[in-house]
Every structure is written in structure tokens, then in C-alpha cells.
Amino acid sequence: MVKVRRKISVLLSEKPGMATERYNPRTSEPRWQKAWEEARLFETKNDDGRPTYYVLEMFPYPSGRIHIGHTRNYTMGDVVARYKRAKGFNVLHPMGWDAFGMPAENAAMQNKVHPKEWTYQNIATMREQLKMMGLSLDWSREFATCDVDYYHRQQMLFLDFYEKGLVTRKTSKVNWDPVDQTVLANEQVIDGRGWRSGALVESRELAQWFFKITDYAEDLLSAIDGLEDWPEKVRLMQRNWIGRSEGLSVRWELVPETAPAGERELEVYTTRPDTIFGASFMAIAPDHPLARKAAENNPGLVAFIEECRHMGTSVAALETAEKKGFDTGIRVKHPFDPEWTLPVYVANFVLMEYGTGAIFGCPSGDQRDLDFANKYGLPVIPVVMPEDADASAFQIADEAYSDDGVMINSRFLDGLSNKQAFEEVASRLEKTLLDGKPVAERKVNFRLRDWGVSRQRYWGCPIPMIHCEACGVVPVPKADLPVKLPDDVDFEKPGNPLDRHPTWRHVKCPKCGGDARRETDTMDTFVDSSWYFARFTSPHANEPVVRDVVNRWLPVDQYIGGIEHAILHLLYSRFFTRAMRDTGHLDLAEPFKGLFTQGMVVHETYRAEDGRWLAPNEVRIESTGGERRAFEIATGKPATIGSLEKMSKSKKNTVSPEDITESFGADTARWFMLSDSPPERDVEWTDDGATGAHRFVQRVWRLVAEIAPALREIAPKAGRDGDAAAISKPAHKALKIVGEDIERLAFNRAIARIHQLVNDLQPAFSALGTADEESRAAAREAVEILIHLIAPFMPHLAEECWACIGGEGLVASSRWPDYDPELVVDNTILLPVQINGKKRGDLTISRDADQAAVEKAVLELDFVQKALNGAVPRKVIVVPQRIVNVVA
RNA sequence: GCGGACGUGGCGGAAUUGGUAGACGCAAGGGACUUAAAAUCCCUCGGGCUUCGCCCGUGCGGGUUCGAUUCCCGCCGUCCGCACCA
């Protein structure tokens with residue numbers, strides 16, 4: 001039999017049911033949203049005395065439409081917010097817009113819309129979309145980072161940081177994106193390409209503004225240990241990103257007759273000074289000053305350096321690049337043996353940005369060095385061997401040994417562990433002098449680089465600095481803030497419109513009053529998102545934050561967002577909080593106490609016969625037995641069902657939040673997105689799943705609406721015996737567990753428990769017609785509990801049900817009920833009984849039966865006696881309240 | 001290459017961290033109601049067998065234990081992050 005799946009609209013036709021009207025979210029949801037708004041339920045007061053709880057979802061970029069992935073994210077936060085509110089907390093749950101950035105400028109170029117207009121238009125659309133979801137957000141605190149009010153305060157912070165020495169301007173090699181005509185941070189370059197444009201990145205020298213995040217490297221690293229409510233994965237990613245290493249910086253004396261004029265030494269950084277007797281060459285970066293000097297009269301070297309530069313960017317080149325070097329002819333003296341000299345190569349694999357841009361190669365202990373040595377015929381001296389190896393026979397051929405072990409072939413180090421050797425070499429070289437200074441110095445090195453925040457763009461926060469011929473760089477006085485973006489700009493040409501604006505950049509120097517020019521760089525948008533969570537606590541304050549207030553709210557108790565921000569956004573925010581602390585704005589270091597990274601919403605992909613991507617509403621799915629086949633509606637031709645992918649425009653596998661809210665309502669969408677899949681994992685959007693969720697919405701409504709008339713005048717009271725207890729017990733058990741599950745963000749489990757409660761209550765409720773007073777009171781209470789349990793997930797339905805049973809006020813402002821501890825335990829328990837570890841039956845026994853009583857009862861069981869066949873068991877293991885195992 | 005996570009029915013996933021494997025949902029099949037459908041309700045639903053019961057079963061192979069999805073060792077596979085980092 002072929003069953004054709006029907007369009008959603010069929011399911012929604014509101015034919016009157018026998019007893020109860022179907023629940024209609026389209027009329028109900030806006031009504032309750034209005035009720036909440038009029039009661040100002042979600043507007044949070046800073047001076048409320050109750051304990052605070054701050055739940056925050058990463059704010060969206062106003063791209064134009066809310067994506068279904070956003071709504072899953074916000075729903076999770078909303079469940080927590082509504083639950084915590086019901087638990088008596090003063091909850092802060094704000095929303096705003098990460099509104100600066102390139103898409104607005106791209107739109108300006110393509111569609112001739114002003115970025116401001118485009119952005120605020122998008123915000124207006126998206127705000128309406130969000131409001132349809134019934135999120136309990138405090139809209140009175142809303143702001144966009146492109147609001148002058150916001151970036152004004154960001155400029156204040158910038159000046160404070162500058163004064164504190166946390167901002168610096170340096171000329172540095174930057175990643176230049178030729179398409180976006182802007183500078184990218186290292187981390188915005190992915191595989192040699194701009195993270196947004198995808199263009200191959202070039203390297204350029206430019207004067208740039210930097211935040212000195214490296215000043216906090218050590219603290220940012222060690223404080224990760226204290227972030228116990230963060231996913232381990234994210235903590236690890238941050239640790240690796242900061243990349244701390246302990247090593248030794250060693251100065252090698254150049255052999256004078258081989259050295260370029262004026263050069264006397266080469267400084268290298270190493271984490272393995274223990275392998276110093278295994279050194280066989282030095283390698284320096286192509287852009288190392290010594291390499292440049294050496295190239296001055298060496299055309300071959302010039303050509304090699306040039307070659308290195310060119311291969312630098314393309315992905316393929318980087319991945320497959322052969323380790324190559326060029327002998328400069330320069331030689332260095334070994335620090336422990338002036339007679340021993342080593343060649344200096346320029347090598348394509350040495351990075352100028354890391355350490356000193358120079359290394360010593362120890363081929364036996366490093367695979368890369370070994371490959372290099374083998375290629376250029378350099379000596380390979382094994383210096384570390386595994387502890388159980390034989391020193392006389394230990395050889396290195398094609399595989400380096402980089403693990404810990406025992407020193408060999410290393411003179412005074414022989415026999416030491418490599419760790420001891422590290423210490424020995426370090427302390428000896430610290431005492432050895434070269435040109436009056438120690439040859440070596442212990443040094444901690446970080447992979448983390450300073451944060452370049454200059455962007456050559458219009459749509460960003462202007463950097464409040466002025467360049468004066470006479471006075472140099474002068475900060476804009478705070479009284480002159482904000483430095484506003486001019487509105488009259490053109491986007492005809494690529495590059496920075498601020499730079500070519502006729503008047504904006506001309507300004508008087510605040511110091512000497514002479515003609516000067518404004519900084520035309522704007523800030524990286526990561527700056528905007530590095531403190532918005534703090535601004536939400538006092539969004540209208542004159543200062544960036546109000547110290548007492550921000551101290552009370554921060555850290556954010558639960559922050560929820562995508563794993564894609566695991567490194568940068570979170571690291572920058574951690575830096576900003578420290579910087580704000582050190583400039584006196586607040587008194588804490590860590591902005592986010594709990595972090596949760598949610599999964600994506602994915603959907604099947606469909607392709608037409610000719611390979612075109614098809615949107616879900618362009619295909620019809622037929623199921624024959626268990627087999628699903630797709631057809632393109634327009635042509636009737638078969639289509640291919642492809643893999644699950646993150647929803648994206650390019651693959652057309654998107655489902656918009658309106659599609660769902662307009663047909664099923666927000667509650668169904670909310671419920672579905674949190675069902676089944678654990679929140680940290682991806683969830684697959686399916687029509688079947690959505691209709692299933694909607695079926696449950698209707699089921700709850702029917703259950704409540706049908707029982708309501710019988711319960712309207714009944715006072716709720718838990719039942720302790722008989723039929724009444726059979727209603728109250730599952731209700732109280734669910735109440736306990738759902739609360740615990742929400743606390744753990746285990747929404748899928750909470751939902752399963754609610755399903756189960758409905759399954760449990762349904763038969764009891766249909767028998768209620770003949771039931772006693774006690775059962776009715778228990779039923780009344782159970783319904784109230786059920787409504788409270790669904791309220792965080794399906795707030796509109798909860799209100800409708802609440803009104804239906806004649807509940808007072810709004811569910812959204814009422815307390816989470818307390819469970820009765822006596823009702824969540826049973827007096828008799830069903831104890832599984834195993835024989836030799838295999839379950840053979842159950843024992844029903846009183847909960848407080850002691851071990852001996854349980855053992856006795858077990859041995860009397862039929863199936864146990866049969867299994868024992870008269871023999872005495874070797875052992876009976878009784879795990880209280882859990883299980884019994886009889887070992888025959 | 002390094003680091004991490006994961007692997008359970010047709011599918012998404014539960015399993016109180018060593019104690020009844022498969023909760024709950026989806027899909028599928030059967031039935032009731034109906035002129036018919038939708039909606040709703042009831043039943044079945046890991047595999048096998050000699051079916052009132054028994055055997056096998058949580059990627060594969062071993063181990064520890066009275067007892068292992070959970071712990072240990074070794075494989076296989078999938079996904080993610082990082083990477084010429086000295």
C-alpha cells in the first residue's frame with residue numbers, strides 16, 4: 001500500500017472533535033504572548049532581592065531571517081529561564097544583535113542599501129520572528145552593537161584599555177584579504193583563505209591596533225582549570241590555542257669569518273635543550289633578519305626566500321610542501337664546544353612568528369628535523385633512547401625518537417633522564433656568558449598572539465584615535481565621544497569608505513589644536529561581542545557598566561551557543577572581562593560560569609534528476625512499506641534523497657521557523673527541537689517528528705480539557721492510598737525528575753518523562769467519572785503538576801490548560817510545585833532476582849525489608865528453588881533497593 | 001601526524017555511572033470506531049528456537065567481576081578539533 005504523506009495543512013483543519021475542540025495555536029499563542037507582555041513578566045529588575053540567575057544565548061547576527069538553529073538555541077535558554085523563574089530566581093534573560101560586520105557592507109554594495117538601514121530592517125524582521133516563538137526575553141534591555149549608545153561605551157572601554165597599556169599599535173605582517181580589502185586575524189584565516197570571503201590571503205605590512213591579550217596568556221590558561229561547568233572539549237581547545245610551552249632561549253655565536261657584517265649571534269628557542277648534543281644544523285625562517293642579511297649578496301638564497309613566500313598561502317602547497325632548506329654558508333659554534341660548528345640553513349618550515357624564528361635541528365629526536373637531515377646529508381646522532389634500550393646498539397634511521405628516555409652520546413649528560421638533562425643544560429648555559437650576557441635564558445612561550453583589532457571597514461565601531469603630525473597618536477578625549485560613523489558614505493569602490501570620506505577624517509588635534517586626521521580603522525566585530533553580556537546588566541547606563549550591578553549579575557550562570565565559538569569569542573570575552581576588571585569596571589575575571597554548546601539542526605537534502613538541489617517543499621515523499629522515495633513536485637520526476645546536512649541556503653535544505661509556527665505553532669516547534677536528541681548533538685528536522693510533537697500538544701490539550709469540567713471546583717490534594725495514590729505518585733515522581741533533568745539541561749530526558757506521565761495519567765483520568773473525592777483531588781493536583789512541567793517547554797499550551805482548569809493568574813508567573821518526598825518512593829519494591837548473573841524473575845517486597853529478610857524471601861521463590869535444585873547457594877548478593885544475585 | 005569524542009533495535013535515543021539492556025518518541029504491522037477517510041483508542045514490534053519457557057544480543061577479540069553498554073588491554077570504524085609550534 002502506498003501512503004502519500006499529506007501536507008501539514010490537512011492536519012490542521014479544525015473540525016470540531018466529539019467532545020473537545022482541537023487546540024488552535026494560531027489564535028492561542030499570540031493571546032498569551034500579549035498577556036505576558038502586558039504583565040511585563042519578563043522585564044527584570046536589578047534591585048529585586050531574590051537570588052539572581054543569568055541565562056544567555058549567544059546573540060544573533062541580523063542576517064535577515066531567523067534560522068531554525070537559532071530557535072533551538074533560544075528555546076533551550078528559554079526552558080532554563082522559565083524554570084529558574086518558577087524556582088524563585090530573579091532571572092535575567094536578554095536579547096540583542098551582533099549587528100556590525102561585513103554582510104551589511106556587502107549588501108550595500110550589491111543592493112545599494114545603506115548598511116544601517118539594511119541592518120535595522122533585518123533586526124525588525126527578526127525580532128518579530130523571535131517574538132512568535134514565545135521566548136521569555138526581557139526586550140526592554142535589547143540593543144544592537146551598531147547602536148551609537150553601545151559603541152560609544154565600547155570606545156570608552158577602548159580608551160580605558162589604552163590608558164592601562166592594554167592597547168598597542170604595531171607595524172606587523174598582516175593577513176590581507178584582497179576581496180574584502182581588509183586585515184584578518186590569524187584565526188580568521190582558514191587554510192590560507194579568508195574565513196568569510198574564501199579568498200587567498202596575502203601578506204602585507206601595516207600599522208595595526210592590537211589588544212595585548214598575551215599579557216593575560218598565563219592567567220587565561222591557568223584559569224581554565226576553574227571553569228568546571230564548561231565542556232571538557234572547549235577547555236581543551238582553549239588550552240591548545242593558548243599553547244604554552246616551557247623552554248630555553250639559546251644564543252649561538254656565529255663563526256665570525258662566515259657571518260654577514262655586523263651579525264654576531266643567532267638566538268633560537270627550544271623546548272628540548274636536553275637534545276643539544278644531537279644538534280646537527282640550525283634553521284631560520286625565510287623572513288628572519290639574518291636570512292635577509294645573508295641574502296644580500298647571495299642570489300640563490302634570494303630566489304629560495306622568494307619561493308618560500310609564494311608557496312606560503314595555497315592550501316595544497318601547505319599540505320604537501322616538502323621540507324626544503326638553503327645553506328647560507330653561515331656557521332655557528334656549539335655552546336658547549338667552540339670547536340664544533342654547525343651550518344645555518346634557511347628552511348621553509350620555520351615560522352618567524354613563533355619563538356625567535358629560528359631553531360636548532362636535532363634529527364634523532366624530531367621527525368621533521370630527521371627528514372631534513374636525511375635530505376641534506378646532515379649527521380644524525382641519537383641522544384635520547386628508551387629506558388630499556390641498549391646504548392651501543394641504539395640507532396635512528398627513518399624514524400625519530402621523540403619520547404622521554406635516557407641520555408646517550410651527550411658527554412656530561414649521559415645516563416640522565418631527558419628531564420634531568422633539560423635542567424642541567426639550562427643551569428649550565430644560564431651561567432655561561434657570551435658578550436657579557438648569559439648564553440641561555442629560561443622562557444615560557446605561547447602560541448597565542450596579540451589580538452589585532454583593526455579593520456579597514458566602514459560598518460564597525462570607530463577606533464577613537466587621532467593621528468597628529470606633531471603629537472603622534474592622540475586618543476580622542478572622552479568628552480568628545482562618541483566618534484560617530486558618518487551616514488553619507490559610498491560603496492562604489494572596494495576598500496574603506498571612511499578613508500575616502502571628504503570631511504569625516506579631518507579633525508583638530510586635541511593636544512596641539514593643529515590639523516590632524518582620525519583613525520579610519522574600525523574594530524573587529526569580535527570586540528562588540530566581548531562585553532555585550534556585561535552591558536545587558538545595565539543597558540542604558542552612561543558608563544559601560546554599573547559596577548555594583550554587573551558584579552551582582554556576572555558571571556553568566558548559563559551561557560548557550562554554538563561550538564564554532566569555542567575558541568575565539570569565548571577567549572576574547574575572557575580577556576575583556578579581565579581587562580575591564582583591571583580598568584576598574586567590574587570585579588571578576590571569568591564571564592561565563594556555565595557553558596553549553598548545542599548541536600545543529602540538520603535536514604535531509606534532495607536533488608533533482610539533473611542534480612539541482614531541491615527544497616523540502618519542492619519534493620513529495622512517498623513511503624512504500626519501509627522504503628522512502630522522493631519526487632520533484634513540479635515535474636513529477638524521481639528525486640534523490642541525500643545525506644543529512646546542516647541547514648544551508650546553498651543546499652536548500654532549510655525549514656524556516658514561520659513554516660512551523662504558522663502551521664503547528666511555536667510550542668510544537670519548541671517541543672520537537674528538544675525531543676529525542678540530546679541538546680549537545682545535532683537534531684534532524686523531519687516532518688514526521690514535527691507532526692508527532694504536534695500530536696502530543698493536542699493530546700495534552702485533550703487530556704486536560706476533557707477532565708477540566710470535573711475538576712474545576714476541586715481543591716488539589718495529593719493522594720496517599722489506593723487509586724488516589726496511583727495518580728499522585730507518578731505525578732510527583734515526574735515532578736522530581738523533570739526538575740532534575742532541566743537542571744542538567746537534559747531536555748530530551750525531561751520530555752520523555754513528561755510523555756510517560758501523560759501515559760500514566762490517561763487511564764486513571766478516564767476512570768475518574770466513578771472515582772471518589774480523594775482521587776478527584778489527586779487528579780486536580782496531578783493536572784496542575786503536568787501543566788507546570790510542560791510550561792517551560794510549551795508555555796502557551798500551559799497557559800491555555802491553566803485557564804481551562806480555572807487556574808489563577810498565569811503559569812508563567814507561578815511557582816514550580818514542590819514534590820512530596822514520601823510520594824516518590826514506593827513502600828513495596830520490585831527487586832529483580834538473578835541466578836548466576838542472569839535475571840530469572842522478580843521479588844516484590846517491602847521497601848524497608850532488611851538484607852536477611854530479602855535473602856530469605858528470595859530463597860523461597862519458586863524459580864530460585866527450581867534452579868538450586870535443593871542445593872545450598874554458594875553466595876547470595878543483595879544490593880539494597882537494586883538487585884539480588886543468587887550464585888549457585 | 002597529535003589530541004578528543006563516539007559506536008546500543010528499521011531510526012532518534014534511555015539505562016540512577018558496575019546492578020532488570022532497549023525507557024520515551026518516530027517509523028512499521030495488525031485491530032476497533034467510521035459509509036469512507038482523518039483524528040482517536042487497543043495490540044505487536046532486537047534476533048533465534050523445540051515458544052506457559054530457553055538461547056544469543058550494546059562495533060570486533062580478550063580480561064577483571066557474583067554481575068560489564070558502563071572498568072582494563074588490543075583491534076576496527078565514524079565524527080570533530082589542532083598542526084611545519086621548535
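We name chains A, B, ... by the order of the sequence lines, and we start the count at 1 in each one. A quick note: this is a predicted structure, and the numbers were derived from the prediction, not measured.
- Nucleotides of RNA chain B nearest to A/I877 and A/N748 differ in position, and the one nearer the 5' end is that of A/N748.
- The side chain of A/Q756 approaches B/A23 more closely than any other nucleotide in the set B/G13, B/A27, B/A23.
- Using a 4.0 Å heavy-atom distance criterion, A/V887 is classed as a sugar-phosphate-only contact.
- The CE atom of A/M352 sits 16 Å away from the P atom of B/A86 (whole-angstrom rounding).
- Among the atoms of the strands shown, none is found under 4.0 Å from any heavy atom of A/V833.
- Contact annotation: A/Y354 reaches the phosphate of B/A86 (side-chain N/O to OP1 or OP2, under 4.0 Å).
- Taking the side chain of A/S677 as heavy atoms from C-beta on, and the options B/A83, B/G12, B/A86, the nearest nucleotide is B/G12.
- Within the nucleic acid shown, A/L236 comes within 4.0 Å of sugar-phosphate atoms alone, with no base atom in reach, counting heavy atoms only.
- The ring of A/F281 has its center no closer than 6.0 angstrom to the ring center of A/Y376.
- Nearest nucleotide to the A/A752 side chain, out of B/C66, B/C24, B/A27: B/C24.
- The pair A/R239-A/E232 counts as a salt bridge, with a side-chain nitrogen and a carboxylate oxygen less than 4.0 angstrom apart.
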**Request:** Decide yes or no on side chain to side chain contact (heavy atoms under 4.5 Å, CB included) for A/L568 and A/W241, but give the supporting numbers first.
**Result:** CA-CA 9 Å; A/L568 300 180; A/W241 190 260; 4.3 Å; yes

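- Among the protein residues, A/N885 comes within range of the nucleic acid bases, having at least one heavy atom under 4.0 Å from a base atom.
- A/R272 has no side-chain polar atom (N or O) that falls below the 4.0 Å cut-off from OP1 or OP2 of B/A86.
- A/F793 pairs by the side chain to side chain contact (heavy atoms under 4.5 Å, CB included) definition with A/V79, A/W671, A/L674, A/I742, A/F747, A/A750, A/I751, A/I754, not counting sequence neighbours.
- Every stem involving RNA chain B, taken as at least 3 paired positions in a row under the Watson-Crick or G-U wobble test at 3.5 Å, is listed here: B:1-7 with B:76-82, B:10-12 with B:24-26, B:28-32 with B:40-44, B:46-49 with B:53-56, B:59-63 with B:71-75.
- Within 6.0 Å of CD on A/Q367 lie more than 12 heavy atoms contributed by other residues, nucleotides or ligands.
- Minimum atom distance to the side chain of A/P832 is reached by B/U20, of the listed B/C82, B/U20, B/G12.
- For NZ of A/K375, the number of neighbouring non-hydrogen atoms (other residues, nucleotides, ligands) closer than 6.0 Å is greater than 12.
- The residue A/R840 sits close only to the backbone: its heavy atoms come under 4.0 Å of sugar-phosphate atoms, none of a base.
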List every contact pair, protein side and nucleotides 40-42 of chain B side both N or O, where the distance is under 3.5 Å.
| from | atom 1 | to | atom 2 | distance (Å) |
| --- | --- | --- | --- | --- |
| B/U40 | O3' | A/R702 | NH1 | 3.4 |
| B/C41 | OP1 | A/Q762 | NE2 | 3.4 |

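- With ring centers used as reference points, A/F672 lies 6.0 Å or more from A/F664.
- Both A/D842 and A/T686 sit near RNA chain B, but only A/D842 has its closest nucleotide nearer the 5' end.
- Residue contacts shown for A/D369 are absent, as no nucleic acid heavy atom lies under 4.0 Å away.
- What you find for A/M282 and A/F360 is that their closest heavy atoms are SD-CB, 3.6 Å.
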**Prompt:** Hey, mind stepping through A/E246 and A/R442 against salt bridge (Lys or Arg N to Asp or Glu O under 4.0 Å) and telling me if it holds?
**Reply:** CA-CA 8 Å; A/E246 278 176 32; A/R442 283 172 207 264; over 6 Å; no

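- Nucleic acid contact class of A/N759 (heavy atoms, under 4.0 Å, all strands): sugar-phosphate only.
- As judged by a 4.0 angstrom heavy-atom cut-off over every strand, A/Q834 is placed among the base-contacting residues.
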